[in-house]
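Quick notes on the structure that follows.
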Amino acid sequence: MPTKRHTYSYPTRIEYGPGAVNDLVAIVQQAGYKRGLLVTDEGIMKVGSPEKISSNFKAAGIEITTFSDVKSNPTDDNAYAGTKIYKESKSEFILGLGGGSPIDTAKVVKCLATHDGPLEKYDDMKGGDKFIQNNMPPFYAIPTTAGTGSEVGRSSVITIKSTNKKTIIFSPFLMPTIAVLDPELTVSMPRKLTAATGVDAFVHNLEAYIIDVFHPFADGIAKEGILRSFKNLPLALENGNDISARGEMLMASAMGATAFQKGLGLNHSIAHALGVLYDAHHGLANAAVLVEVLKYNLADNHVKEKLASLGSLLDTNNDADAVIEAIEKWLHLVDMPTDLKGFGIRENEIQQIEDYSVEDPCCPSNPRKVDKGDVVRILKKLL
């Protein structure tokens, strides 16, 4: 593959550091904007961050309208509602505050602010990216979790209610104008959410690393992301006020989303299915199936070599089986599930999970070709 033609693109401008969110007001003010829409969710509203950020903007003469009706697994209805408020408030820019759900929803609001619906028109699996033009409003992404990396991504994952499928809306033009990585905003994350989102960041980096695509830049970033999340997630769980560990996890999250422009695989396909069919948290779902999916992918020699190369990073032998064992121990250390026993799945429902998984956009890039019955066999081991 080094002899083939490739195109690479990298993230947007990043403002990192404790208190970085406070500098965003001056940046927006300097750009001359007077009205903006803040997209968030009810959980973040309860913490109080949106109110504080809105007050800072108001003090600078910039009006902020807040839209907080975003589900943990956002739907097109959430995006349509947010777009309506954006237009009614005559906003000129968008702020996405929260985890991947509000930021992904904010990206779609950015798109629909200047593009006609329905949203399924822009489905990346159907070539919808060609309809997305570079005429959208500025968008500033402010993550309060360290997991999805949506703040540096050029895609959004939204469930289309008419099909009940997670749909990827993709375009380089969806990239946030600025990503603000402020570790102080992640301190309020509960321990369980810290763990679940942190594992999501780890899986993004790991799956991207083992995908068989020639992308040395992404591989290097993925290895750094694997190391940072593996070392720092336990520290962030031990002391939620550890700003250094929180900052490292924000970086690991952004690295994962940068690296997975290579693609993701079956682990994410199954996690997406569990999210849609059982409303499972994405990080928990990723954790629950990770070990068995890695074992499944070991049949691919490329995967075996790539996993073995991680041994020294994960304080074990440079051997694929040893690396998987280290990952399993790490998942237990951070109190994440390594099976599906707590997900309420009945054995007679396994087939529908496979059916959804193999149709998921991430499945084709899995390093081992997924055949009929493979997902069923993996899931049976986990129940």
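For clarity, every value in this text was computed on a predicted model and none was experimentally measured. Values below: every heavy atom of this structure, side chains too, minus hydrogens, waters and symmetry copies.
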Under 3.5 Å, side-chain donor or acceptor atoms of residues 359-377 against the rest of the protein: list the pairs with distances, not counting sequence neighbours.
{"residue": "Asp360", "atom": "OD1", "partner": "His272", "partner atom": "ND1", "Å": "3.0"}
{"residue": "Asp360", "atom": "OD2", "partner": "Ser269", "partner atom": "OG", "Å": "3.1"}
{"residue": "Asp360", "atom": "OD2", "partner": "His272", "partner atom": "ND1", "Å": "3.3"}
{"residue": "Asp360", "atom": "OD2", "partner": "Cys362", "partner atom": "N", "Å": "3.0"}
{"residue": "Ser365", "atom": "OG", "partner": "Leu264", "partner atom": "O", "Å": "2.3"}
{"residue": "Ser365", "atom": "OG", "partner": "Cys362", "partner atom": "O", "Å": "3.0"}
{"residue": "Asn366", "atom": "OD1", "partner": "Leu266", "partner atom": "N", "Å": "2.9"}
{"residue": "Asn366", "atom": "OD1", "partner": "Asn297", "partner atom": "ND2", "Å": "3.4"}
{"residue": "Asn366", "atom": "ND2", "partner": "Asn297", "partner atom": "OD1", "Å": "2.9"}
{"residue": "Asn366", "atom": "ND2", "partner": "Arg368", "partner atom": "O", "Å": "2.8"}
{"residue": "Arg368", "atom": "NH1", "partner": "Tyr296", "partner atom": "O", "Å": "2.7"}
{"residue": "Lys369", "atom": "NZ", "partner": "Asp371", "partner atom": "OD1", "Å": "2.8"}
{"residue": "Asp374", "atom": "OD1", "partner": "Arg377", "partner atom": "NH2", "Å": "2.8"}
{"residue": "Asp374", "atom": "OD2", "partner": "Tyr296", "partner atom": "OH", "Å": "2.7"}
{"residue": "Asp374", "atom": "OD2", "partner": "Asp371", "partner atom": "N", "Å": "2.9"}

Heavy-atom donor-acceptor pair, Thr40 side chain to Leu97 backbone, under 3.5 Å: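 Between the backbone of Leu97 and the side chain of Thr40 there is a qualifying donor-acceptor contact (under 3.5 Å).
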Using a cut-off of 6.0 Å, state whether more than 12 heavy atoms not belonging to Lys90 lie near its atom NZ.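 Incorrect, the count does not exceed 12.
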Does a donor on one side chain and an acceptor on the other come within less than 3.5 Å for [X] and [Y]?
X      : Y      : value
Lys166 : Asn73  : yes
Glu305 : Asn301 : no
Ser309 : Tyr209 : yes
His281 : Ser72  : no
Ser91  : Ser89  : yes
Asn78  : Asp69  : no
Thr114 : Asn135 : yes
Glu349 : Gln352 : no

Side chain to side chain contact (heavy atoms under 4.5 Å, CB included) against Leu298, all qualifying residues, sequence neighbours excluded: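 In terms of side chain to side chain contact (heavy atoms under 4.5 Å, CB included), with neighbours along the sequence ignored, Leu298 is linked to Lys304, Leu307, Ala320, Asp321, Ile324.
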Taking all heavy atoms of Ala201 and all of Ala146, pick out the closest pair and write down the distance.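 Nearest pair, atom of Ala201 first, then Ala146: CB-O, 4.1 Å.
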Please round to the nearest 0.5 Å and tell me the distance separating atom [atom1] of [X] and atom [atom2] of [Y].
X      : Y      : atom1 : atom2 : result
Thr338 : Lys341 : OG1   : NZ    : 8.5 Å
Lys71  : Asp279 : NZ    : CG    : 8.0 Å
Glu248 : Glu224 : CD    : CD    : 9.0 Å
Trp330 : Ser229 : CH2   : OG    : 5.0 Å
Leu37  : Ile64  : CG    : CD1   : 8.0 Å
His204 : Ser253 : NE2   : OG    : 8.0 Å

Pair up each side-chain donor or acceptor in residues 230-245 with any protein partner under 3.5 Å, not counting sequence neighbours, and list the distances.
{"residue": "Lys231", "atom": "NZ", "partner": "Asp315", "partner atom": "OD1", "Å": "3.3"}
{"residue": "Lys231", "atom": "NZ", "partner": "Asp315", "partner atom": "OD2", "Å": "2.6"}
{"residue": "Asn232", "atom": "ND2", "partner": "Arg228", "partner atom": "O", "Å": "2.9"}
{"residue": "Asn239", "atom": "OD1", "partner": "Asn241", "partner atom": "N", "Å": "3.0"}
{"residue": "Asp242", "atom": "OD1", "partner": "Ser244", "partner atom": "N", "Å": "3.2"}
{"residue": "Asp242", "atom": "OD1", "partner": "Ala245", "partner atom": "N", "Å": "3.0"}

Would you sort out whether Val28 and Tyr140 count as a side-chain contact (heavy atoms from CB on, under 4.5 Å), showing the intermediate values? CA-CA 9 Å; Val28 173; Tyr140 306 97; 3.8 Å; yes
Taking a hydrophobic cluster as the set of Ile, Leu, Val, Met, Phe, Trp and Tyr residues connected by side-chain heavy atoms closer than 4.5 Å, whether directly or through intermediates, do [X] and [Y] fall within one such cluster?
X      : Y      : answer
Leu274 : Leu331 : yes
Met175 : Leu181 : no
Tyr33  : Val109 : no
Leu185 : Ile44  : yes

Apply side-chain contact (heavy atoms from CB on, under 4.5 Å) to the pair Asp219 and Lys306, showing each step before the final yes or no. CA-CA 10 Å; Asp219 281 352; Lys306 294 295 283 271; 3.2 Å; yes
Would you say that [X] contacts [Y] through its side chain, given a criterion of any heavy-atom pair below 4.5 Å between the two side chains?
X      : Y      : result
Ile178 : Ile14  : no
Met45  : Thr66  : yes
Tyr86  : Pro137 : yes
Met249 : Pro183 : no
Leu206 : Leu294 : yes
Phe202 : Leu290 : yes
Leu24  : Ile142 : yes
Pro102 : Asp41  : yes

Residue pairs, two or more places apart or on separate chains, that pass side chain to side chain donor-acceptor pair (under 3.5 Å) and touch residues 15-26: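 For residues 15-26: Arg13-Glu15.
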Residue pairs passing the side chain to side chain donor-acceptor pair (under 3.5 Å) test where at least one lies in residues 97-108, sequence neighbours excluded: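 Sorted pair list: Asp104-Ser150, Lys107-Ser150.
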Does anything in residues 196-207 form a salt bridge (charged side-chain N to carboxylate O under 4.0 Å, His left out)? List the pairs, not counting sequence neighbours.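 Non-adjacent pairs meeting salt bridge (charged side-chain N to carboxylate O under 4.0 Å, His left out): zero.
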Pair Glu42 + Lys46, salt bridge at N-O below 4.0 Å: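 No salt bridge links Glu42 with Lys46.
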Could Asp335 and Lys192 be called an ion pair, given the rule that one side-chain N must be under 4.0 Å from one carboxylate O?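 No, this pair does not count.
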Identify each donor-acceptor pair in which a side-chain atom of residues 47-57 lies under 3.5 Å from a protein atom, sequence neighbours left out, and give them as a table.
{"residue": "Ser54", "atom": "OG", "partner": "Pro50", "partner atom": "O", "Å": "2.9"}
{"residue": "Ser55", "atom": "OG", "partner": "Glu51", "partner atom": "O", "Å": "2.9"}

Yes or no on side-chain contact (heavy atoms from CB on, under 4.5 Å) for Phe93 and Ile62, after CA distance, side-chain angles and deciding distance? CA-CA 11 Å; Phe93 66 92; Ile62 301 170; 3.8 Å; yes
Set of side chain to side chain donor-acceptor pair (under 3.5 Å) partners for [X], sequence neighbours left out:
X      : result
Thr194 : Arg246
Lys165 : none
Asp129 : none
Arg35  : none

When clusters are formed from ILVMFWY side-chain contacts under 4.5 Å, directly or step by step, what else is grouped with Met136?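 Taking Ile, Leu, Val, Met, Phe, Trp and Tyr as members, Met136 shares its hydrophobic cluster with Tyr80, Val108, Leu112, Leu119, Tyr122, Phe131, Ile132, Ile158, Ile160, Ile169, Phe173, Leu174.
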